[in-house]
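For reference, the structure discussed in these notes is given below.
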Amino acid sequence: MKVMVTGGAGFIGANFLNLLVPRLPEHQFVNVDKLTYAANLGSLQAVEQLPNYMLRRVDITDMEAVDAVFDEVEPELVVHFAAESHVDRSILGPREFIHTNIEGTFNLLEACRKRWPADAGALFHHVSTDEVYGSLGETGKFHETTAYDPSSPYSASKAASDHIVRAYHRTYGLPVKITNCSNNYGPMQFPEKLIPLMILNALERKSLPIYGKGLNVRDWLYVEDHCEAIWSVIERGEIGRTYNIGGDSEKRNIDVVDTLCEVVADETGSDVGELLRLKELVTDRPGHDLRYAIDATRIRQECGWEPKETFDTGIRKTVKWYLSNEDWVRDVRSGEYRKWIDLNYGDRTT
Ligand code: NAD
Ligand code: DAU
């Protein structure tokens, strides 16, 4: 099968490709990625030489380029990760989020609609977020039937894209599936997100900035568990259906940071007190959702998926990964990997 993975050089997309490309040599994987600041080709070293992997640098907001890569690849499965993904960036500059997350998704759907006959057995899998549901209070969980109520330009753009994907199924019969997942963490996550930022700042003895009072709650899931969940829905989920994904691992941000200080101290033989003293409460994020929690009963029952990692095992793996991948960290921090992308791809067209 020919599989187009959009955004495969980002955090979750790269973990997805690292898991599946070696496991499924009979499938041809094509990574379609604009290579924005969030992309890192260093995350794909394990697969880039494999015969069933290719990269095409494409901006999904460019319909001509999308058509060209669809004509070249003729995908039967599209797994759509590509997005602007960081909430704080969406608050500072929402335009790119509307452009990529809404128009980019629309372009991909149009490309599929033009090419896939009703009986083609093809699939558009849309990777989305629990943030479309907005904020929970102290109790309750998000279900697949929870009304959408997004708070940030990021989550509103993802909500819009989910609606368009669903509309293409209902209106044109396009075969689609949607997954809405909670917060991911793990190897190769860009250090703008809470967990890698705190790990790297703790290692450099920089301040650990916690928004508000640190009482906001997120439901954390190890990234490989998310990738396996997506694959289980692709294999066993029902066309036209939505599946929530989460790890039953609700934590307050302040507790996440405390745990990270303890694990970093333990793994590096440092004084945990010194790391804990780096914590600093800072101005809150505007529109900051209080709490996310996922009811993942549907995917567990219908697709037989279960997460393998607990928060404790996943966090330790993650800290160890950042400690033992100094080159990746140095290149991201220094911007070196960007130079490589510009050098190697700057004048190329796809
Ligand atoms: P990321 O920011 O790490 O990576 C995004 C990737 O998309 C990058 O490789 C980037 O180059 C690419 N991209 C951005 N704009 C593009 C464009 N116009 N054309 C082509 N490629 C483009 O994101 P992530 O954290 O890996 O998230 C991947 C997907 O999963 C997103 O759709 C996000 O909404 C969703 N999601 C993320 C989380 C999370 O916790 N990170 C949780 C649930 C869902
Ligand atoms: O829930 C899924 C979503 O999780 C994904 O859809 C998004 O793409 C992903 O970025 C993530 O969004 P969050 O905003 O929850 O993740 P972030 O890592 O930015 O923040 C996690 C929590 O930590 C949040 O409550 C804000 C807080 N925070 C974050 C940063 C970067 C801090 O307190 N300090 C910080 O410096």
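Only this structure's heavy atoms are used, side chains among them; waters, hydrogens and symmetry mates stay out. Since the structure is predicted, the reported quantities are computational estimates derived from the model, not experimental observations. Order of appearance sets the numbers: ligands from 1, and atoms from 1 within every ligand.
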Nearest non-hydrogen protein atom, [atom]:
atom: atom 8 (O) of ligand 2; answer: S85 O, 2.7 Å
atom: atom 10 (O) of ligand 2; answer: K193 CE, 2.9 Å
atom: atom 5 (C) of ligand 2; answer: Y154 OH, 3.6 Å
atom: atom 11 (C) of ligand 2; answer: N183 ND2, 3.4 Å
atom: atom 18 (O) of ligand 2; answer: L194 N, 2.8 Å

Quick check, are the ring centers of [X] and [Y] under 6.0 angstrom apart?
X: F142; Y: Y133; answer: yes
X: W305; Y: W231; answer: no
X: Y37; Y: F190; answer: yes

Given [options], which one has a non-hydrogen atom that is nearest to [atom]?
atom: atom 32 (C) of ligand 2; options: Y211, Y185, W220; answer: Y211
atom: atom 13 (P) of ligand 2; options: E131, K213, M198; answer: E131
atom: atom 36 (O) of ligand 2; options: G212, S152, P209, S155; answer: P209

Spell out, as yes or no, whether a donor-acceptor pair under 3.5 Å connects the side chain of T105 to the backbone of S161.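 Judged by distance alone, no pair lies under 3.5 Å.
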
Can any side-chain N or O of R291 pair as donor or acceptor with the backbone N or O of T139 at less than 3.5 Å? yes

R115 with D67: basic N within carboxylate O range, under 4.0 Å: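 Salt bridge flag = yes for D67 with R115.
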
Short N/O distance, under 3.5 Å, between R285 and ligand 2?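 Right, the criterion is met.
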
Would you please test S85 and K158 for side-chain hydrogen bond (donor to acceptor under 3.5 Å, both in side chains) and show each step? CA-CA 9 Å; S85 72; K158 292 295 291 189; over 6 Å; no

Element-labelled atoms of ligand 2 that are located less than 4.0 Å from some non-hydrogen atom of [X]:
X: Y292; answer: 1 (O)
X: H288; answer: 24 (C), 25 (O), 26 (C)
X: H86; answer: 19 (O)
X: D130; answer: 1 (O), 2 (C)
X: N253; answer: 22 (C), 23 (O), 24 (C), 25 (O), 27 (C)
X: I210; answer: 33 (O)
X: E192; answer: 31 (C)
X: L197; answer: 36 (O)

Does one hydrophobic cluster hold both Y292 and I254, with members joined at side-chain heavy-atom distances below 4.5 Å?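 Cluster IDs for Y292 and I254 differ.
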
Quick check: is L24 connected to V21 through a chain of hydrophobic side chains (ILVMFWY, heavy atoms under 4.5 Å apart)?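 Same cluster.
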
Any idea which residues sit under 4.0 Å from ligand 1, heavy-atom distances?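 Residue list for ligand 1: G7, A9, G10, F11, I12, D33, K34, L35, T36, A38, A39, V58, D59, I60, F81, A82, A83, S85, T100, V127, S128, T129, Y154, K158, C181, S182, N183, N184.
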
Return the set of residues passing side-chain contact (heavy atoms from CB on, under 4.5 Å) with E280 (not counting sequence neighbours), or none when no residue passes.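 For E280, the residues satisfying side-chain contact (heavy atoms from CB on, under 4.5 Å) (neighbours in sequence not counted) are S207, V282.
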
Under the side-chain contact (heavy atoms from CB on, under 4.5 Å) criterion, do N244 and K141 qualify, and how do the steps go? CA-CA 11 Å; N244 282 351; K141 292 194 174 201; over 6 Å; no

Identify, with sequence neighbours excluded, every residue that meets ring-ring contact (aromatic ring centres under 6.0 Å, His included) alongside H80.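 Listed in chain order: F124, H126.
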
With backbone taken as N, CA, C and O and side chain as the heavy atoms from C-beta onward, which portion of A83 lies under 4.0 Å from ligand 2: side chain, backbone, both, or neither? neither

Shortest non-hydrogen contact from T310 toward T313: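 Shortest heavy-atom contact: N-OG1, 3.0 Å.
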
Indicate whether any N or O donor in one side chain lies under 3.5 Å from an N or O acceptor in the other, for Y53 and Q28. no

Test salt bridge (charged side-chain N to carboxylate O under 4.0 Å, His left out) applied to E103 - qualifying residues, sequence neighbours left out: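 Testing E103 for salt bridge (charged side-chain N to carboxylate O under 4.0 Å, His left out), a comparison that skips the adjacent residues, returns none.
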
